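Down below is the structure, laid out as C-alpha cells.
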Amino acid sequence: MSRLTDDLNDPQRAAVTHGTGPLLVLAGAGSGKTRVLTYRIAYLLANDKARDTEITAVTFTNKAALEMRERVENLLGQPLRGGFVGTFHRWSLEILRRDPEAAGLPRRFVIADTDEQRQMIKRELKKLGLDPKEHPPRALLGRISGLVNRGASQSSFANGSSDSQSELLATIWKGYEARKKAAGAVDFDDMLVLARDVLKSHAEIRSRIQDRARWLLVDEFQDTNALQMDLLELVLAGERNLTAVGDEDQSIYRWRGAEMDNILAFERHFPGSSVVKLEENYRSTAPILAASGALIAANQRRRGKTLFTSHEGGEDVRLYIGADERAEARWVADRFQELQRRHSLGEMAVLMRTNAQTRSFEEELTRRHMAHRVVGGLRFWQRAEVKDALAYLRLVIRADDTIAFERVVNVPTRGIGAATIDILRGHADHDGTTMVEAARRLPAELAPRARISLERFFQILDEARDKRAELDPGDLVGWLLEASGLLAMYDGDSEEKTARRENLQQLAAAVAEAAQRGQELEAFLDAIALLEEHDDDDAPEAITLMTLHAAKGLEFDVVELAGFEDGLLPHANSRDEPESLEEERRLAYVGMTRARRWLAMTVARSRFLFGTRVPTRPSRFLVDLPEDRYTDVSDTALPIPAAGLSEGGRTAGGLPRRPRPPARRAKKAAATVIDETGQGWRPGDRIRHGRFGTGVVLACQGTGPRLKLVVFFDRAGRKTLVPTIAKLERL
DNA sequence: GCTTGCGGTATTTTT
DNA sequence: TACCGCAAGC
C-alpha cells in the first residue's frame, strides 16, 4: 500500500509505519497530526497488521472522532466496521451499557448533565441547611470533579479529610453520590470511573476490551488526565500498541484535570516506547511560525519542538494598540474588509480569552453588515424547552427516571408545586421507593388538584408508551409535544416563542432522522447526552468569533487575537502561579498558530469592566516576542512594558486574586494610569475603611459629588464607595 | 404559581 | 454594566 505512505514526510512515515510497542507522536501545530493518526489506522488495516475489530481510537470530542472516522474511510475506500472511533466518554459508556450490573448500575441508568448535577448539589445543600451562596454548587462540583479525575473517590476522600472544610465537602459529596444512586444516574466523570472499575474487577470484560484495543490510538494526548491514563493502562496488554498523539504546547485544560506529565514523562509511563517529533508545519507562513515559536519558547515545562516551513515569505504579524475596545473592533473590521478581497469571511476569525469580549466585535460587525457568528452561545440541547421535551421522552422510556420526572411534572404548570413535591419525596424516602413510584400511588394527603394533575400526567406517559409500538419515533415526539402541552406553552408569535416552537420541532425532526438511521430511542438519548454541542456549521460564509479554547484544532486564513492584554491574556486569575501562567502562554500560542496567512494581536488601552472603565496594559507575553517578529501598526506609538512591570497590578480583567499589600508596587503601577480625579483619589491608592479594612483603589467613577471609588479590599473584596460618605483613610 | 426586583457576581468548559 | 438566581409579593 505504497500510495498511503507516499504523501508523508519522513517522521510522519516513521509514525504511520511504526510496529508494535508504545509510540508517542509529538505533533506540533499544523504538522499533520490527524493525517498521521488516520494514515496509521489505514496502514495497519491495509497491510493486515490489524483487523478492524482490533482498532480503538479515542478522542476528546465527537467532532474529532467523526472527522477521524471519515478520513480513515476515505483512505480505505470503504466504511470502517468493527473498530471503535469515539470519545473517552462514549467508549466508557459502551462498556457500561453492555454490562451495567458489573458496575452496580441499574439496567437503564441515565446520564446526569451539568444542570442536573447542580440541582442535586443544591438539594443536598438545602438538606444540610447550607447556604448555596457560601457554597456555590458549581465550585463544589468542580472540586469533586477535580478530585475524581485525579483518582480519588468519595470514600477515599472522606477517610483522608481532616479539616472541617474537607469534611464538609466529603459530606456533600456523599449526599451527591446517594442522590445519583437513587436516581439511577451517572455523571460524566462516573462514566470513566465506573468503566475503569469494571475493567479492573472483571477479568473477562477487561480481556474483551483489550482484544478490541489491540491497536489503541489516542488523540490530544496532552489533555488526558489521571483517570483516563488509568483506563488506557488497563486496556493495554501484550504488545502495548499505544499510539499517543499530542502536543504539550497546546495543553490548555490543566484546570480541567489534564495532566501534562502524561506526555512529558511518556517514556516513564510506557517503558520501551518510541518517540517521533513532527516539526514541519504545513499550515502557517514563516512570520507566523517565527512569532508563535518565539512565544512558546519562553515556557519551561515542555519537551521542546521547533516548527519550520519550507514556504518562504508571508505577511508580517501585526500588533495594534487602540484606545479602547471599540477602537480595537474598528481596526479589526477595517482590516477584515480589506482582506475580504483575498479571503472569504468564512476564513476569518477573531479569537479571545473570554466570551464577554465578543460584544464589541458583534456590535461593530453588525453595524457594518459583515456576516459573523459567535461560537459557544446557547447550545441547542441545553435550551430549556428542548430539555423539557427530552425529559418527557426519557420518562416514556424509563418510567422511574426521577430527574426527568422532577423536571417536567409541572411543565407546563399543572398545579404541582413545591408542596406536592415535598409530600411525594417524603413518601419516597419513607417507603424507600422513587418519587415516581410514590406519585403513582397518589397519596391521600395530596391536594385534589394535584391528584388529578398527576393522574393526567401519568396518563399521557402511559399512552405515549402504548403509542411507541404504532408510531415511529418522530411522530411519537410530535404527539408527546401536543399531548403534554409543551408546544402550547409557546403559542403566540413573539420572536422568542416562535424560536422555541421551532426548536421543539427541530427536536422531533432530529428524532425522526435518528430513527431513519436505525438508531433506537435509547441510543439517541445517550448520544445527545454525550453531545452537548449541536454541530451545525451551516453558515460558513461568516466571520467566526470565539474563545481560544473553542479554537483549538481549527485553522483560518486570517486570525485576530483580541485583548492581548495583561489581565486578559494572561488572565488576571491565572497569572500568579507559574504553572497557570505557562498555560496562558500556551493559550496565546494556540491562538496564534490557528492562522494560516494573516495574524494580528490587538490591545485596548482601556476596557469597560464590571461597570467601570479600567486602564489596561499590553500583555506581558509581548516581552517574549523579539521586536523583529512583529510590526507595531498602532496609531500612536505607545511604549511596550518592560518585563515584569505588569506584575501584581490591578489592570484590565483586573482584580488581583490575592490583593498584595506593598504600596511601593501599587504606586509604581498607578503612574501608568491615565485617569486622575479631582478629589485626589486615583487608582492604586491604598486606603483604609472603618468596616472593610484596607484595600486598593481600582478605579474612579464620576466626578465631584457623584464621585465613586471602586475599591478592592484585602478581606472584603470589591466594593463601590462614595468617598465623602464612607470614611476613607488614605495610607 | 408567576412576576418583579434586589443583590451578588463577573475565566476558560472537549464530555 | 449585565446577568442570574432567589425571595417577596400578587
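Computed from heavy atoms alone, side chains included, the values below leave out hydrogens, waters and symmetry copies. For clarity, every value in this text was computed on a predicted model and none was experimentally measured. A, B, ... follow the sequence lines: proteins, then strands. Residue 1 opens every chain.
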I'd like a table of atom pairs between the protein and nucleotides 6-10 of chain C - only N or O on both sides, under 3.5 Å - with the distance next to each one.
residue, atom, partner, partner atom, Å
C/dC6, OP1, A/K122, NZ, 3.3

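Contact check for A/F221 versus A/V58: no side-chain heavy atoms found under the 4.5 Å cut-off. A 4.5 Å side-chain heavy-atom check between A/R90 and A/S92 finds every atom pair outside the cut-off.
In this entry the distance linking CG of A/L194 with P of B/dT15 reads 20 Å, nearest Å. One can place CG of A/N149 at 17 Å from P of B/dT13, the figure rounded to the nearest angstrom. The CD-P distance, from A/Q119 to C/dC4, rounds to 16 Å in whole Å. A/R414 has its CZ atom 11 Å from the P atom of B/dC2, to the nearest Å. In this structure, A/N355 atom CG and C/dC4 atom P are separated by 13 Å, rounded to whole Å. Look at CZ on A/F88: it is 21 Å from P on B/dT13, rounded to the nearest Å.
Figure legend: cation-pi geometry between A/R359 and A/F608 absent, as NZ or CZ is not positioned both under 6.0 Å from the six-membered ring centre and within 45° of its axis.
Under 3.5 Å, the side chain of A/R359 and the base of C/dT1 form no donor-acceptor pair of N or O atoms. A/R138 contributes no side-chain N or O that forms a donor-acceptor pair with the base of B/dT9 under 3.5 Å.
Listed pair A/N573 / B/dT12 fails the phosphate criterion, with no side-chain N or O lying under 4.0 Å from OP1 or OP2. Taking 4.0 angstrom as the limit, A/T59 places none of its side-chain polar atoms (N or O) nearer than this to OP1 or OP2 of B/dT14. Between A/N225 and the phosphate of B/dT14, there is no side-chain N or O to OP1/OP2 separation shorter than 4.0 Å. Between B/dA10 and A/T354, no contact under 4.0 Å exists linking OP1 or OP2 to a side-chain N or O. Side-chain nitrogen and oxygen atoms of A/N62 include none within less than 4.0 Å of the OP1 or OP2 phosphate oxygen of B/dT14.
For the residue pair A/S360 / A/R326, no side-chain donor-acceptor distance below 3.5 Å is found, with atom types taken as modelled.
Between the side-chain ring of A/W255 and the base of B/dT12, a stacking contact exists by the 5.5 Å and 30° definition.
Remark: side-chain polar atoms of A/R585 are not paired, donor with acceptor, to backbone N or O of A/L569 under 3.5 angstrom. A/T59 contributes a side-chain N or O that, together with a main-chain N or O of A/T61, makes up a donor-acceptor pair within less than 3.5 Å.
Residues A/D324 and A/R607 are not paired through a salt bridge, judged by the lack of any N-O separation under 4.0 Å between the basic side chain and the carboxylate.
Rounded to the nearest Å, the gap between the C1' atom of C/dC3 and that of B/dT14 is 26 Å. Here the separation of C/dG5 from B/dT12, taken at their P atoms, is 15 Å to the nearest Å.
A/E584 comes within contact range of at least one nucleobase, with a heavy-atom separation under 4.0 Å.
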